[in-house]
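Step one of this worksheet: look at the structure below.
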Amino acid sequence: MTRPIWDEAPGLPKQGGGNIGLRFTKHFDFWEGREWRAQKGAVAAWVESLPNDGGREAPLLGRRRDLIAALEGLTWAMRTVSRLIIGVGNPHPVENGLTWHPTLGVPFLPASGLKGLAKAYAAEDVIPGTEDEVIFKRIFGGDDDQSGGTGGHGSVLFFDALPRLTGKGMLDWDIMTPHYNPWYMASAPSETPPGDWYDPIPIQFLTVAQECTFDFAIAPDPSAVDADQARKDMGLAKAWLENAASDLGVGAKTAVGYGQMDRV
């Protein structure tokens with residue numbers, strides 16, 4: 001039977017500082033007995049075990065602002081109005097994971113997802129065959145002849161959104177209560193149809209807390225032939241991304257209120 005790494009090496013330290021993302025994914029140590037099942041209330045207990053270093057900014061954040069400034073880009077802040085869920089489908093012993101930055105060890109919003117969010121928001125108002133479509137394809141990428149000479153990948157670069165806080169101050173836990181667990185788990189679902197007579201099963205999962213501030217950043221693509229136009233395009237891209245994060249939300253379960261963000 002595969003056992004956690006720390007069981008093979010008892011000299012490893014238990015909870016504390018360091019890369020908390022690595023601790024959650026590889027060094028989670030709230031188990032029940034020797035069957036390696038997560039304890040009841042394991043997520044809440046894990047959050048409470050973290051150091052409360054709420055005043056410390058994420059590493060490299062200041063240097064990244066300098067990088068964006070050198071690229072003549074834009075950096076701005078948005079904060080979570082509700083809890084934020086990202087990477088809930090990632091595998092983990094407590095059944096629900098979280099997206100962690102691989103080196104900083106903090107929850108973050110990947111650039112690819114933010115670009116897709118802004119693109120989806122902007123696409124709602126684009127009328128095919130108009131100047132709006134040309135602008136849309138130039139900013140987000142499209143045919144080479146409509147992308148401003150950027151080779152089809154867009155005139156604006158999107159960067160990961162990184163949190164300003166680390167540790168316990170930016171994490172919270174929530175509960176989901178699926179009612180139809182026998183139906184979900186059955187090998188023959190027809191034998192256990194979903195019904196209100198089943199008992200709900202509370203499942204804790206990890207989220208980013210309310211009032212957590214993230215640094216967003218975009219920059220003009222240095223490879224764009226028309227550099228002035230690429231710098232002008234940033235204004236539109238920033239507005240689309242801000243409005244999308246505020247109106248649509250970021251991450252999972254936005255339809256029920258998660259992931260709402262506000263401008264700072």
Are [X] and [Y] close enough that some pair of their side-chain heavy atoms sits under 4.5 Å apart?
{"X": "R164", "Y": "L61", "result": "yes"}
{"X": "V250", "Y": "L117", "result": "yes"}
{"X": "F24", "Y": "I20", "result": "no"}
{"X": "P107", "Y": "I86", "result": "yes"}
{"X": "T80", "Y": "M170", "result": "no"}
{"X": "M234", "Y": "P220", "result": "yes"}
{"X": "M78", "Y": "T213", "result": "no"}
{"X": "L114", "Y": "L241", "result": "yes"}

Consider only side-chain N and O atoms of S155 and D233, and report whether a donor and an acceptor are under 3.5 Å apart. yes
Do [X] and [Y] sit in the same hydrophobic cluster, where Ile, Leu, Val, Met, Phe, Trp and Tyr count as joined when their side-chain heavy atoms come under 4.5 Å apart?
{"X": "W76", "Y": "L84", "value": "yes"}
{"X": "V256", "Y": "F205", "value": "yes"}
{"X": "F30", "Y": "L98", "value": "yes"}
{"X": "F28", "Y": "L171", "value": "yes"}

Minimum heavy-atom distance between [X] and [Y], given as atom pair plus value:
{"X": "L248", "Y": "T254", "answer": "O-CB, 3.4 Å"}
{"X": "N19", "Y": "G105", "answer": "OD1-CA, 3.0 Å"}
{"X": "A122", "Y": "F140", "answer": "CB-CE1, 4.0 Å"}
{"X": "F158", "Y": "A118", "answer": "CE2-CB, 4.2 Å"}
{"X": "G87", "Y": "T99", "answer": "CA-OG1, 3.2 Å"}

CA sep, side-chain torsions, deciding dist, call: R23, L50, side chain to side chain contact (heavy atoms under 4.5 Å, CB included): CA-CA 10 Å; R23 287 186 174 274; L50 296 175; 5.5 Å; no
Per side-chain contact (heavy atoms from CB on, under 4.5 Å), L74 is matched among I218, V156, I68 by I218
Determine whether more than 12 heavy atoms belonging to other residues, nucleotides or ligands lie under 6.0 Å from atom CH2 of W173. no
Taking NZ in K253 as the centre, count heavy atoms belonging to other residues, nucleotides or ligands within less than 6.0 Å. Is the count above 12? no
Given E242 and M261, is the side chain to side chain contact (heavy atoms under 4.5 Å, CB included) satisfied, shown in steps? CA-CA 9 Å; E242 277 189 325; M261 304 195 77; over 6 Å; no
Does any N or O in the side chain of S82 come within less than 3.5 Å of the main-chain N or O of G257, such that one atom is a donor and the other an acceptor? yes
Is D228 salt-bridged to R231, cutoff N-O under 4.0 Å? yes
R263/N243 under side chain to side chain contact (heavy atoms under 4.5 Å, CB included): CA gap, chis, key distance, verdict: CA-CA 9 Å; R263 302 171 181 84; N243 291 335; 2.4 Å; yes
